[in-house]
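Shown next, in structure tokens, is the structure this report addresses.
Index from 1, following the sequence. Not measured: the values here are computed from a predicted model.
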Amino acid sequence: LLSIALLFIALLVAIVIYQYVSTTENDKVCSTPGCVHASSFIMQTMDLTKDPCQDFYQYICGNWEQTVSVPKTKPKYTSFAMAADENNKRISKILESNSTTVKGQESETVKKIRKFYRMCLDQETVNRLDLDPLKQLIKDLGSWTISESSWDEQSWSIEETLIKMNLNDFTALFDSGVTIDDKNNTQHILAFSQPSLTLKSPEEYNSSYPKYKELKEAFLDFGATIGEFLGSDYNQTRLKIEEIYKFEQQLAEIFVPKEILRNPKLSYHKMTIKDLKKIFGNWINLDTILKKILN
């Protein structure tokens, strides 16, 4: 039995070696123009004079800065950003052409996107409409004390406001949507997640770092300027914007750190809607929001 087993193993090894040797170089290596171009670019950005065992980063990225021209508008530039720029150039070419034909067929998608694109470039209409669309949006969302005095606390509903904001693609206090269950990819579940703040990170609200103080002043000045455009007094508006900043500062203190959100095990808390409502408490009617948003 041992002899037979050894012969069988030897036969398998022989087959594997034969398959490896008989495979031609062309079968193993992509030699299309796209592959050749990509390979050439990668080789140019590497520093092959460095020992990867001693300095792997320099070996892989040593010639990146010498090879790639970083746009002056970018604080950082990676291969992903470069690919995005290339895609944007191709999309722009499609949008600026008059043809709506894709692979020999008329495309309704291209027609709609081009129409939207040209509306954005219609500066004459934008100037004519002035602030009217913004004022209408504020009114649709339930008014704003900074831009008008008609806001009524008694008739205002946080549920209706959150619903309107969600339908306009704004997320406030929490974000929600349908996603795949991380522990069962055959099912979809309703997921709630942490939204973003006006500033980039929670640390920027609660740090004595000088640059963050500059960010706060810029935050207040920007908000006051918008209020002034909408017809409010600059100084009075700035005081109200500071109240908004302080509220976001309080939210930042209870934000879950990014390193926890990036860990699926630490950010996965599956429960029923009933249990979630207990966590939310009585300050908001979650059923009303979910029925309107999810239909």
Between CD on residue Gln236 and CG on residue Leu239, distance to nearest 0.5 Å: 5.5 Å
Applying side chain to side chain contact (heavy atoms under 4.5 Å, CB included) to Lys258 and Arg262, what does each step give before you reach the verdict? CA-CA 6 Å; Lys258 287 183 179 178; Arg262 290 190 182 118; 4.0 Å; yes
Lys216, Gln249, Glu248 screened by side-chain hydrogen bond (donor to acceptor under 3.5 Å, both in side chains) with Tyr205, the one that passes: Glu248
Would you find a donor on one side and an acceptor on the other, under 3.5 Å apart, between the side chain of Gln194 and the backbone of Val256? yes
Only one of Lys112, Lys111, Glu106 passes side-chain hydrogen bond (donor to acceptor under 3.5 Å, both in side chains) with Thr100; say which it is. Glu106
Evaluate whether atom CD of Gln105 has more than 12 neighbouring non-hydrogen atoms of other residues, nucleotides or ligands under 6.0 angstrom away. no
In short, Ser69 meets Tyr77 closest at the heavy-atom pair O-CE2, 4.1 Å
Where do Cys53 and Asp51 come nearest, in terms of heavy atoms and distance? N-OD1, 2.9 Å
When the ring planes of Phe174 and Phe192 are compared, do they come out parallel, tilted or perpendicular, using 30° and 60° as the limits? tilted
Under a 3.5 Å distance rule, please check whether Thr237 uses its side chain to pair with a backbone N or O of Asp233 as donor and acceptor. yes
Distance (rounded to the nearest 0.5 Å) between Phe229 CZ and Lys135 NZ: 12.0 Å
Ring-plane angle category for Tyr212 and Tyr209, please: parallel below 30°, perpendicular beyond 60°, tilted otherwise. perpendicular
Counting distance only, does the side-chain N/O of Asp130 pair as donor-acceptor with the main-chain N or O of Asp132 below 3.5 Å? no
Is the shortest side-chain heavy-atom distance between Val102 and Thr109 below 4.5 Å? no
Stepwise, does the side chain to side chain contact (heavy atoms under 4.5 Å, CB included) test hold for Thr288 with Ile163? CA-CA 9 Å; Thr288 300; Ile163 290 166; 4.2 Å; yes
Is there a donor-acceptor pair closer than 3.5 Å between any side-chain N or O of Lys240 and the backbone N or O of Thr145? yes
Glu217 bridged to Arg238 by N-O distance under 4.0 Å: yes
Give me the atom names and distance for the closest heavy-atom approach of Asn166 to Ser176. ND2-OG, 4.2 Å
N-O pairing of Lys270 and Asp182 below 4.0 Å: no
Is any NZ, NE, NH1 or NH2 atom of the basic residue among Lys89 and Glu86 found under 4.0 Å from an Asp or Glu carboxylate oxygen of the other? yes
Is a side-chain donor-acceptor pair under 3.5 Å present for Asn263 with Glu259? no
Mark yes or no for whether Ser97, through its side chain, and Ile94, through its backbone, hold a donor-acceptor pair below 3.5 Å. yes
Report the C-alpha distance between Tyr117 and Glu96 in whole Å, list the side-chain angles of each, state the deciding distance to 0.1 Å, and finish with yes or no for side chain to side chain contact (heavy atoms under 4.5 Å, CB included). CA-CA 9 Å; Tyr117 176 74; Glu96 289 168 4; 2.9 Å; yes
Steps toward side chain to side chain contact (heavy atoms under 4.5 Å, CB included) verdict (Val68, Phe41): CA-CA 10 Å; Val68 176; Phe41 174 75; 4.0 Å; yes
Does atom CD (Glu65) have a neighbourhood of more than 12 heavy atoms from anything else shown, all under 6.0 Å? no
Is there side-chain contact between Leu173 and Ile158, with heavy atoms separated by less than 4.5 Å? yes
For Pro195 versus Thr171, what's the shortest heavy-atom pair and its separation? CB-OG1, 4.0 Å
Mark yes or no for whether Ser147, through its side chain, and Leu230, through its backbone, hold a donor-acceptor pair below 3.5 Å. no
Measuring from atom CE of Met119 to atom NZ of Lys115, what distance do you get when rounded to the nearest 0.5 angstrom? 7.0 Å
Side-chain contact test, heavy atoms from C-beta onward, threshold under 4.5 Å: evaluate it for Leu290 versus Leu190 and give yes or no. yes
Quick check: is Ile113 connected to Phe116 through a chain of hydrophobic side chains (ILVMFWY, heavy atoms under 4.5 Å apart)? no
Assigning hydrophobic clusters by single linkage (Ile, Leu, Val, Met, Phe, Trp, Tyr; side-chain heavy-atom cutoff under 4.5 Å), is Phe280 placed with Ile273? yes
If only atom types and distance count, is the side chain of Asn168 paired as donor or acceptor with the main-chain N or O of Phe170 below 3.5 Å? no
If we only count heavy atoms from C-beta on, is the Ile189 to Val178 side-chain gap below 4.5 Å? no
Min side-chain heavy-atom separation Trp144-Leu137 under 4.5 Å: no
ILVMFWY network linking Leu197 to Leu261, side-chain heavy atoms under 4.5 angstrom: no
For His188 and Ile180, work out which heavy atoms get closest and say how close. NE2-CG1, 3.9 Å
Heavy-atom count check: over 12 atoms from other residues, nucleotides or ligands less than 6.0 Å from Phe56 CZ? no
For the residue pair Arg114 and Leu95, what are the closest heavy atoms and their distance? NE-O, 3.2 Å
How long is the straight-line distance from CD of Glu159 back to CD1 of Ile293, given to the nearest 0.5 Å? 11.0 Å
Short side-chain donor-acceptor distance under 3.5 Å, Tyr234 and Asp221: yes
Once you round to the nearest 0.5 Å, how far does CE of Met271 lie from CD1 of Ile279? 4.0 Å
If you group Ile, Leu, Val, Met, Phe, Trp and Tyr by side-chain heavy-atom gaps below 4.5 Å, do Phe219 and Phe222 land in one group? yes
Going from CG on Leu141 to CG on Leu162, what distance comes out if it is rounded to the nearest 0.5 angstrom? 10.5 Å
Short side-chain to backbone donor-acceptor contact, Thr67 and Trp64, under 3.5 Å: no
So do Ile241 and Ile226 actually touch side chain to side chain, heavy atoms under 4.5 Å? no
Are Leu167 and Ile284 in one and the same hydrophobic cluster, where Ile, Leu, Val, Met, Phe, Trp and Tyr link if side-chain heavy atoms are under 4.5 Å apart? yes
Sub-3.5 Å donor-acceptor pair from the side chain of Thr101 to the main-chain atoms of Gly104, do we have one? no
